[in-house]
Amino acid sequence: MADLDGKRILLGVTGGIAAYKSADLMRRLRDAGAEVRVVMTAGAQEFVRPLTFQAVSGNPVHTSLLDPDAEAAMGHIELARWADVVLIAPASADVLARLAHGLADDLLSTLCLATDAPVAVAPAMNRLMWAHPATQANVRTLTERQVAIFGPGAGDQACGETGDGRMLEPLDLVAALGGVLPRPLLAGRYVLLTAGPTREAIDPVRYISNRSSGRMGFALAAAAARCGARVTLVAGPVNQPTPAGVERVDVESAEAMHQAVMQRVAECDIFVACAAVADYRAATPAEAKIKKQADTMDIALVRNPDILADVAARPQPPFTVGFAAETHDMQEHAEDKRRRKGLDMIAANWVGRPGSGFEAEDNALEVTWEGGGLSLGPEPKTRLAVGLMECIAERFAGRDDKERA
Ligand code: C5P
């Protein structure tokens, strides 16, 4: 886990009674060796005066987007670049909604759009506001965009109610923050990944494909970039935004994906095959749209190249990671696949169960390698991806050390 010594933390404080705890949080962050700058929203200033934070941090507090004096000292873009991490604590229901919708009408929301540092939020609000479907949908959107959500905890609330919605205690937030700071485990390395389904043409309008959303592969590519790697993601047709710092190569068919991977594989240190590649394609796709005639029709299929097996079989293969989606006897099938394809690591998950697999947001993985293994999740795919990429980086470093010895 990364420590906070020397890290630059932008602490966003929004309007909520828990704002009084943020002065203590700032002191704890400084005790951990971090440099802290504070941004307060107008709502936060109704609860605590900026002077309190200025006195504890020794730095001026930033409150306004359109104040020429403040912009002359350290403008919003400079602040956004300065931060190693942005922590919003407390995060009101309002700021979660505004971040989820990408608003930029005050200093804090603008900073969150302008930074490429990781963003974490510590929600604090009445339990019914937290449970409201609108807030929950906003939290899901933010989780999908890699925003870390710390808490909230359960207990007595300032409004006299009891339930979920309390901001986590300052020391818990300090500990959680260590987990979102980028760890440069893969600095100087090149990671190549595949993600999403492939599409195999039957005729100009129809195709064979599968239900892969690409979420896991995109989250893994983002995690690799956060670990400092150069990253290329070869993606089948999916509706996913390209993660920051990732080169994306869009392909349709398994053959095109194979070609895009083989063009780059000699250069890469790590190859992660996350794509759900169609095993078969139409032997001869029709050039014109096929008209319906008989009651039944046959389409002759031929096998697609196995991209992962071809990479692993190279004379000097990169560190190779495969996925296995299983409906039964998961571990035996996965381990068999790892050995058969000659992989360094395999990550297996259940498919066809509610709440996991292809289209779900959460997932769990059983990761195995020669002589070891690790269970990850269930948790959101974005967090799972960070855990898996760190595990890959550690195993890769072990192999690299052995080769050099
Ligand atoms: O053999 P199976 O399809 O179950 O193996 C799954 C693993 O192999 C996944 O990592 C997938 O990305 C990869 N694969 C591939 N090319 C194929 C089929 C699967 O890279 N044609």
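This one's a predicted model, so the numbers in the text were calculated from it and none came from an experiment. All heavy atoms count here, side chains included; hydrogens, waters and symmetry mates do not. In what follows, residues are counted from 1 in the order of the sequence shown. Start at 1 and go down the list; that is how both ligands and their atoms are numbered.
Nearest heavy-atom pair across Glu287 and Pro204 is O-CG, 3.1 Å.
Protein heavy atom closest to atom 18 (C) of ligand 1, with residue, atom name and distance, is Val277 CB, 3.8 Å. Of the protein's non-hydrogen atoms, Phe323 O, 3.0 Å is the one closest to atom 7 (C) of ligand 1. The protein non-hydrogen atom at the shortest distance from atom 14 (N) of ligand 1 is Asp306 OD1, 3.9 Å. Of the protein's non-hydrogen atoms, Ala275 O, 3.3 Å is the one closest to atom 11 (C) of ligand 1. Ranking the protein heavy atoms by distance from atom 3 (O) of ligand 1 puts Asp279 OD1, 4.0 Å first. The nearest protein atom to atom 16 (N) of ligand 1, hydrogens excluded, is given as Ile307 N, 3.0 Å; this is a heavy-atom distance. The nearest heavy-atom contact from the protein to atom 20 (O) of ligand 1 is Leu308 N, 2.9 Å. In terms of protein heavy-atom proximity, atom 1 (O) of ligand 1 is closest to Lys341 NZ, 2.9 Å.
Residues Val231 and Leu193 have side chains in contact (heavy-atom distance under 4.5 Å, counting atoms from C-beta outward). Side-chain contact between His62 and Met40 is absent, with no heavy atoms from C-beta onward closer than 4.5 Å. With contacts defined as side-chain heavy-atom distances shorter than 4.5 Å, the pair Leu301/Arg281 does not qualify.
A ring-ring contact (aromatic ring centres under 6.0 Å, His included) check over residues 284-339, counting only residues at least two apart or in different chains, returns the pairs His328-His333. Counting only residues at least two apart or in different chains, side-chain hydrogen bond (donor to acceptor under 3.5 Å, both in side chains) contacts with residues 229-242 comprise Tyr190-Thr232, Arg230-Glu267, Thr232-Glu247, Thr242-Arg248.
Between Arg98 and the choices Asp105, Thr41, Thr14, the side chain to side chain donor-acceptor pair (under 3.5 Å) rule is met once, by Asp105.
Heavy-atom distances between Ala276 and ligand 1 stay at or above 4.0 Å for every pair. In this structure, Ala324 falls outside the shell of residues with a heavy atom less than 4.0 angstrom from ligand 1.
Any N or O atom pair closer than 3.5 Å counts here, and Lys337 shares at least one such pair with ligand 1.
Residue Arg340 places its CZ atom among more than 12 non-hydrogen atoms of other residues, nucleotides or ligands, all under 6.0 Å distant.
Ion pairing of Glu370 with Arg338 is present here, as a side-chain N (NZ or NE/NH1/NH2) and a carboxylate O approach within less than 4.0 Å.
When heavy-atom distances to ligand 1 are checked against a 4.0 Å cut-off, Ala309 has no atom that comes that close, whether in backbone or side chain.
The ligand atoms of ligand 1 that sit less than 4.0 angstrom from a heavy atom of Gly322 are 10 (O).
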